[in-house]
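Computed over heavy atoms, backbone and side chain alike; hydrogens, waters and symmetry mates excluded. Protein chains get the first letters and strands the later ones, always in sequence-line order, with residue 1 at the start of each.
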Amino acid sequence: MRNREVAELLYETADIMEFQQIEWKPRAYRRAAQNIENFGEDIEKVYEKKGKKGLTEIPGVGESIADHIAEYLKTGKVEKFEGLKGKAPSGTAELMEIRGLGAKKMKKLADKLEIKTMLDLKNAVKSHRIRRLSGFGVKSEENIARAIENYEKSHSRIPLGKALPLAEEIISGLKEELKNGTPGLDLSRIIYTGSLRRLKETIGDIDILAEAEEADAGKIMDAFVSLPEAGQVVSKGRTRSSVILKEGFAIDLRVVPPESYGAALQYFTGSKEHNIGLRNIALREGYKLSEYGLYSKNSGERIAGKSEEEIYRKLGLEYIAPELRENRGELKAAAKNELPELVDAGDIRGDLHMHTDYSEGTESLETMIENAEAMGYEYIAVTDHSRSQRIANGMDIETLKEQWKEIKSLSKRFRIKVLRGSEVEILKDGSLDYPDEILKELDIVVGAVHSGFASSEREMTGRIITALENSHLDILAHPSGRLLGKREAYAVNFGKVFEAAAANKKIMEINCQPSRLDLNDELIFRAKNYGLKFCISTDSHSVSDLASMRYGLGQARRSWLEKEDIVNTYPYSRLKEVFKKLRD
DNA sequence: GCCGTTTTCGGCCCGACTGTTTTCAGTCG
């Protein structure tokens with residue numbers, strides 16, 4: 001999949017064009033890049049199959065950009081871009097990442113101080129050459145110095161599993177602070193927005209929105225900048241403040257009056273592309289939409305703004321859940337009342353992948369069962385590692401049989417159904433890590449790859465397909481093997497894997513571990529097109545992990561999945577039909 | 001450079017914050 005690579009090239013080209021003060025083109029290039037990044041199919045395959053015409057079917061890609069992409073896919077470079085590169089400093093793309101530096105300032109720094117790279121910029125700061133430049137001052141120079149520091153500390157994104165608890169902590173701290181001293185403030189209307197509310201797998205920075213009358217806004221801002229977690233205060237105003245947390249993450253807080261709360265929530269939740277689409281619809285309908293409300297274009301009269309629901313309704317659209325707001329067709333679907341009925345936390349009836357201290361989990365079988373039952377689940381599958389996973393204390397056949405005995409005896413004391421499962425290693429040749437007579441005794445076999453990540457695409461694809469053709473395997477666990485920010489997905493042909501899975505009626509796992517989220521939203525979307533069903537599983541190694549169901553659920557919702565697509569929303573009686581070997 | 005039940009040409013989201021150029025440009029989201 002080279003979408004990310006092609007998008008990166010277009011982003012970089014946009015930066016260079018912007019540096020040259022070229023108008024509009026950078027916007028067009030960025031839009032194309034964004035859409036390619038979010039495009040479900042492999043752009044290289046699209047080009048192979050349908051040629052240039054296939055490329056121009058991607059929104060934002062026209063004749064000219066399609067030609068450039070084709071040239072890039074064929075030759076590895078674009079002649080025109082090579083020429084452009086010479087017209088901007090070599091470090092332009094990286095330097096534009098520095099907060100507060102845009103094209104205009106960059107140009108001045110390059111022209112007057114010959115700053116071409118991050119190192120040049122650092123040196124210029126150190127020798128105080130920037131403060132002497134017209135248009136800059138001591139403060140600008142200091143801000144650039146800090147921005148460089150922040151860039152180097154945390155330009156990588158925050159995983160959802162870290163950002164979400166962090167935002168919840170900040171918000172509850174804020175509420176605690178405000179509870180005393182500001183009566184009349186509606187504390188339920190402090191909420192995280194942005195990519196976090198859309199539950200993207202990683203978050204750039206955390207955005208928080210609060211509702212307050214003007215008189216109370218100052219108090220919220222004061223409470224915010226004095227939170228114990230806050231490190232450096234980047235800016236503080238009446239409606240917006242920005243701090244950098246001690247651990248390096250940026251958090252923005254905005255305060256809006258009640259009549260604008262819905263409009264602001266909509267606006268700051270984004271995505272940017274969704275909002276642009278929505279604003280265009282508003283314009284077409286004779287309205288003007290901003291973060292303050294929906295207004296009539298002619299009279300300027302306010303039409304809506306208190307709630308998001310109201311805004312979407314007035315624009316003739318169904319309410320669009322935050323996870324869908326990526327401009328991937330949700331606006332058109334909403335106009336036709338064809339949005340999916342997204343799977344919801346309340347639909348989940350069980351968890352089909354977890355570990356105990358029989359292998360690498362930290363809790364006993366009994367504790368896991370107890371806690372799963374307390375969560376209201378109808379069933380769980382206990383899936384400790386198979387024997388070849390020595391590093392994870394994989395179980396030999398005897399230990400596995402002991403576990404079955406314990407499950408049987410514990411089952412008498414609990415209401416919840418406990419299924420005998422195993423996370424079985426898919427070996428190098430595609431065979432499974434227990435003999436057939438053991439596999440057929442298991443209620444659920446979760447197959448997984450934990451070795452040989454460097455295999456060729458052909459080898460890995462063959463290995464996984466062989467496993468999918470094995471009648472004993474039920475679920476393919478973390479199908480891509482990626483670890484967020486650490487390890488790329490292994491080389492595998494997902495088209496072929498999904499095809500084989502569909503032919504053999506296998507279930508694709510959506511693994512909830514924050515470092516995995518695997519399948520990711522794009523692959524889920526693709527897999528669904530093959531008619532596949534999914535399970536959302538926590539792969540818990542401890543009791544607290546059981547709560548990470550929400551991260552996988554978020555990815556499922558981002559991929560438009562409905563209850564019906566996900567087998568662990570089925571009642572036990574129906575689950576039995578899916579996993580035929582299940583007995584009572 | 002892209003796009004079109006307003007348009008094949010003429011638009012392209014728009015308002016807050018910061019710092020500096022003492023009235024506004026640049027940047028961000």
Side-chain angles (χ1 to χ4, degrees), chain A residues 10 13-15 17-19 21-36 55-69 80-81 84 95-109 130-144 146-147 193-195 203-209 217 221 233-242 250-256 260 263-264 266-295 297 316 327 332 335:
Chain A
L10 296 177
T13 307
D15 284 342
M17 287 174 163
E18 193 148 66
F19 176 84
Q21 328 285 313
I22 295 171
E23 284 193 297
W24 306 119
K25 288 192 195 184
R27 181 173 294 190
Y29 273 74
R30 292 209 175 97
R31 192 169 114 76
Q34 179 85 40
N35 287 327
I36 288 165
L55 297 177
T56 56
E57 281 167 15
I58 301 169
V61 177
E63 289 287 310
S64 170
I65 291 181
D67 279 334
H68 295 327
I69 295 172
K80 194 182 149 183
F81 297 171
L84 267 177
L95 287 167
M96 301 262 281
E97 296 269 302
I98 296 297
R99 190 190 164 90
L101 278 192
K104 300 269 168 66
K105 289 188 180 174
M106 260 292 298
K107 180 110 174 65
K108 196 173 249 177
L109 291 172
I130 290 176
R131 62 176 65 179
R132 293 199 293 271
L133 218 53
S134 81
F136 293 81
V138 174
K139 273 206 160 153
S140 304
E141 189 178 276
E142 285 169 359
N143 285 342
I144 290 173
R146 263 200 303 260
T193 66
S195 51
I203 311 301
D205 51 25
I206 296 171
D207 293 304
I208 295 173
L209 177 73
M221 290 305 183
V233 178
V234 178
S235 66
K236 185 182 173 215
R238 269 187 319 114
T239 65
R240 176 178 164 192
S241 295
S242 188
I251 299 207
D252 273 11
L253 172 69
R254 278 140 170 131
V255 178
V256 296
S260 296
Q266 193 290 313
Y267 179 78
F268 292 121
T269 296
S271 67
K272 195 173 172 185
E273 287 63 37
H274 174 86
N275 286 356
I276 289 174
L278 196 65
R279 282 192 181 199
N280 284 333
I281 291 174
L283 287 174
R284 230 174 23 232
E285 302 283 321
Y287 300 120
K288 195 174 78 83
L289 179 63
S290 75
E291 60 264 49
Y292 296 105
L294 183 67
Y295 301 89
K297 204 156 57 173
N327 202 20
K332 272 187 187 151

Peer 1: I'd like the P distance from B:dT23 over to B:dC28, given in whole Å.
Peer 2: 25 Å

Peer 1: Could you check whether A:A103 gets within reach of a base, just the sugar-phosphate, or nothing at all, counting any heavy atom under 4.0 Å?
Peer 2: sugar-phosphate

Peer 1: Take atom P in B:dG10 and the same atom in B:dG15, then report the distance between them in whole Å.
Peer 2: 25 Å

Peer 1: Under 4.0 Å between any heavy atoms, over every strand shown, what does A:V256 touch: base, sugar-phosphate, or nothing? Just pick one.
Peer 2: nothing

Peer 1: With a non-hydrogen cut-off below 4.0 angstrom, is A:I98 in contact with a base, only sugar-phosphate, or nothing?
Peer 2: sugar-phosphate

Peer 1: Contact class for A:S140 (heavy atom, under 4.0 Å): base, sugar-phosphate, or nothing?
Peer 2: sugar-phosphate

Peer 1: Taking B:dT18 as the reference, what is the distance to B:dC12 when you measure between their C1' atoms (whole Å, please)?
Peer 2: 26 Å

Peer 1: With a non-hydrogen cut-off below 4.0 angstrom, is A:K272 in contact with a base, only sugar-phosphate, or nothing?
Peer 2: base

Peer 1: At under 4.0 Å between heavy atoms, what does A:P59 touch on the DNA or RNA strands: base, sugar-phosphate, or nothing?
Peer 2: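 A:P59: backbone/sugar contact only, no base atoms under 4.0 Å.
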
Peer 1: So, for A:Q21 and A:A103, which heavy atoms are closest and what is the spacing to 0.1 Å?
Peer 2: NE2-O, 3.9 Å

Peer 1: If you pin A:S290 and A:K297 to their nearest nucleotides in DNA chain B, which one's is more 5'?
Peer 2: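 Its nearest nucleotide lies further toward 5', so the answer is A:K297.
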
Peer 1: Within the structure shown, what part of the strands sits under 4.0 Å from A:Y29 by heavy-atom distance: base, sugar-phosphate, or nothing?
Peer 2: sugar-phosphate

Peer 1: When we call it a touch if two heavy atoms are under 4.0 Å apart, what does A:K107 touch: a base, just sugar-phosphate, or nothing?
Peer 2: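 Answer is nothing: A:K107 stays at 4.0 Å or more from every strand.
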
Peer 1: What is the nucleic acid contact for A:G135, judged by heavy atoms within less than 4.0 Å: base, sugar-phosphate only, or nothing?
Peer 2: base

Peer 1: Which of these nucleotides, B:dG26, B:dC2, B:dG29, is closest to any side-chain atom of A:K104?
Peer 2: B:dG26

Peer 1: Of all the heavy-atom pairs spanning A:A282 and A:L294, show the shortest one and how long it is.
Peer 2: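 Taking every non-hydrogen atom into account, CB-CD1, 4.2 Å.
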
Peer 1: Can a side chain N or O of A:S235 be found less than 4.0 Å away from OP1 or OP2 on B:dT18?
Peer 2: yes

Peer 1: Under 4.0 Å, heavy atoms only, any strand: does A:K25 hit a base, just the sugar-phosphate, or nothing?
Peer 2: base

Peer 1: Heavy atoms only, 4.0 Å cut-off, all strands: where does A:L101 land among base, sugar-phosphate and nothing?
Peer 2: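 If one applies the 4.0 Å heavy-atom cut-off, A:L101 turns out to touch the sugar-phosphate alone, with no base involved.
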
Peer 1: Can you tell me, in whole Å, how much space there is between the C1' of B:dG19 and that of B:dC13?
Peer 2: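 Pairwise C1' distance, B:dG19 against B:dC13, rounds to 25 Å.
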
Peer 1: Looking at every strand, decide which applies to A:K80 at a 4.0 Å heavy-atom threshold: base, sugar-phosphate, or nothing.
Peer 2: sugar-phosphate

Peer 1: Can a side chain N or O of A:K288 be found less than 4.0 Å away from OP1 or OP2 on B:dG15?
Peer 2: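 For B:dG15, OP1/OP2 do have a side-chain N/O of A:K288 under 4.0 Å.
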
Peer 1: Tell me whether A:N275 contacts the main-chain N or O of A:Y267 through its side chain, where contact means a donor paired with an acceptor under 3.5 Å.
Peer 2: yes

Peer 1: With rounding to the closest Å, how many angstrom separate the C1' atoms on B:dT8 and B:dG4?
Peer 2: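 About 8 Å, rounded to a whole number of Å.
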
Peer 1: Scan A:R279 against the nucleic acid and name what it touches under 4.0 Å (heavy atoms): base, sugar-phosphate only, or nothing.
Peer 2: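 Result for A:R279 = base.
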
Peer 1: For B:dT21 and A:S134 - does any side-chain N or O of the residue sit under 4.0 Å from the phosphate oxygens OP1/OP2?
Peer 2: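 No, A:S134 has no side-chain N/O under 4.0 Å of OP1/OP2 on B:dT21.
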
Peer 1: Counting only Watson-Crick or G-U wobble pairs whose two distances fall under 3.5 Å, which nucleotide matches B:dT8?
Peer 2: none

Peer 1: Return the nearest nucleotide to the side chain of A:D205; candidates are B:dC13, B:dG1, B:dG29.
Peer 2: B:dG29

Peer 1: Closest approach to the side chain of A:E291, judged atom by atom: which nucleotide of B:dC3, B:dG15, B:dC13 is it?
Peer 2: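 Looking only at heavy atoms from C-beta outward on A:E291, the closest nucleotide is B:dG15.
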
Peer 1: Can you tell me, in whole Å, how much space there is between the P of B:dT7 and that of B:dG11?
Peer 2: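 Per the computed distance, 14 Å lies between those P atoms.
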
Peer 1: Might you point out which heavy atoms bring A:A217 and A:R238 nearest each other, and give the distance in Å?
Peer 2: CB-O, 3.7 Å

Peer 1: Please check the phosphate of B:dC17 (OP1 and OP2 only) for any side-chain N or O of A:T239 closer than 4.0 Å.
Peer 2: yes

Peer 1: Quick one: label A:N143 by what it contacts on the DNA or RNA (base, sugar-phosphate, nothing), any heavy atom closer than 4.0 Å.
Peer 2: sugar-phosphate

Peer 1: Could you tell me whether the side chain of A:Y292 has a donor or acceptor atom within less than 3.5 Å of a complementary atom in the base of B:dG15?
Peer 2: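 Absent.
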
Peer 1: Answer yes or no as to whether B:dT20 has its base stacked against A:F136, where stacking requires a ring-centre separation under 5.5 angstrom and planes under 30 degrees apart.
Peer 2: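 According to the criterion (under 5.5 Å, under 30°), no, A:F136 does not stack.
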
